[in-house]
2 protein chains.
Amino acid sequence: MTTAAVAESKPYHHGDLRRALLDAAEAVLVREGPSALSLRAVAREAGVSPAAPYHHFKDKSELLRAVAMEGFARLKLAMSSALARETAPEERRSALGVAYVEFAQANPALYRVMYDCARNADQMPDEHGEDVSAFQLVKDTLTEVAGGQVSELDLELTAIASWCAAHGLAEISKFEKFKPLKDALGGERAFLQGVLAHLGVMAQRKDG
Amino acid sequence: MTTAAVAESKPYHHGDLRRALLDAAEAVLVREGPSALSLRAVAREAGVSPAAPYHHFKDKSELLRAVAMEGFARLKLAMSSALARETAPEERRSALGVAYVEFAQANPALYRVMYDCARNADQMPDEHGEDVSAFQLVKDTLTEVAGGQVSELDLELTAIASWCAAHGLAEISKFEKFKPLKDALGGERAFLQGVLAHLGVMAQRKDG
DNA sequence: GTGCTATCTAAGCACCGTCCAGATCGGAGC
DNA sequence: GCTCCGATCTGGACGGTGCTTAGATAGCAC
């Protein structure tokens, strides 16, 4: 009965504010875009004072880093879900790439925060859990496609190339320049598949 | 004799402030990075009041856009210079990609402004001059590699894939994750060549 | 010389990230 | 039960930001 009609569980100090702040950040991100994602806006969204977040995050960049980590986790989830929907190696590889780009397109603001964070740290905020990383997912799928007979070095290079292309496509695919080509191909997904099909030549190299 | 020891040509209002602001922006960018690139910092660097830039640019984003356009022009220059240094098609293709990424690595702050701007506008700030665009440079080079017998559609898709991979690599290549691989390959450039070699399969497709 | 107009400055607005002193309150110890 | 502690949250402040407005300055056509 502190303030008003909030009948929910808001009994004491504030419950789990860290969690609430992350949700608030995502809400602001989706509603107003990355440029509006200020610490004060997040605090406002969560209904606390502008200084409150500092008891849960060292500074703004650490909040963003936490948001980015959750984003990468969700990206990995989307990728493995897409993999699970296909059986043939080549289809799995294609689905993996398409899922990556479509995740970025479905969550553009989040994707931007994710890579802003990665660029600032010179690493993906991805490396935290003990389970398999999203990058490993790519390597495994490419190994399937190649039938297993690939050098670790060639595999690594192909995986990097694929990841780079997917990331590049995620950032560029919305450019107006490509609209006519998309129309010619019959839609966004066909466009993505078409571009991504020109990658991962590893299997065709005879010295692999 | 307005203020002090500036013996140079600073006679009247301010000369060509627009030019001076762009140079100041680049200076701040190189010295302190993208996060320090505020309109006020640029004005400070140029020695004018914080409101002065508004007589030459509508707002901050337009200044950044101008900086980005100059960056894309220089990128194109670096790419065509690299092309001119090679003769064999395959070498030219490789040199083009390497030049792209090395430009980004040599001018990381500028490259970031360039693509921040591009992302915000959903297009490259590249499309202004009447001469050939950087993207066209890629298409031409890929056509050489394929021996000229490619469908326009396949060419376009391969060019996009190549551009995406180069952009992705430009953003990702600095990640710590890849350091061991670079060492194994014997250096940064070998790494770039290795990754980029797994692209542009167009010529190997029989339905081209 | 007299205006006109572009350019530049000074001052101010709202917002930002961040720090600090103090209020609040759940829970440990008695 | 009560006290006290320490974590959590608030209000207020500081310097910095993008941007606007009103007024000063100075090149240029007449």
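Numbered from 1 within each chain, the chains take letters A, B, ... in sequence-line order. Predicted model only: the values in this text are computed from it and were never measured.
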How far apart are the C-alpha atoms of Phe191(B) and Ile160(A), what are their side-chain angles, what is the distance that settles it, and do they pass the side chain to side chain contact (heavy atoms under 4.5 Å, CB included) test? CA-CA 10 Å; Phe191(B) 169 74; Ile160(A) 295 174; 3.8 Å; yes

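- Between Gln123(A) and Lys177(B), every side-chain heavy-atom pair lies at or beyond the 4.5 Å cut-off.
- Electrostatic pairing of Glu156(A) and Lys182(B) does not count as a salt bridge here, judged by no charged N lying under 4.0 Å from a carboxylate O.
- Under the 30°/60° scheme for interplanar angles, the aromatic rings of Tyr111(A) and Tyr115(A) are found to be tilted.
- Computed from coordinates, the His55(B) NE2 to dT25(D) C1' distance equals 12 Å when rounded to whole Å.
- One interatomic measurement links the two molecules: CZ of Phe57(B) to P of dC8(C), which rounds to 12 Å at whole-angstrom precision.
- Nucleotide dA6(C) holds its C1' atom 9 Å from the NE2 atom of His56(B), rounded to whole Å.
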In B/S/- notation (B base, S sugar-phosphate only, - none; protein heavy atoms under 4.0 Å), nucleotides 13-20 of chain D written 5' to 3' is B---BBBB

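- Gln136(B) has its side chain out of reach of Lys76(B): every pair of non-hydrogen atoms, C-beta onward, lies at least 4.5 Å apart.
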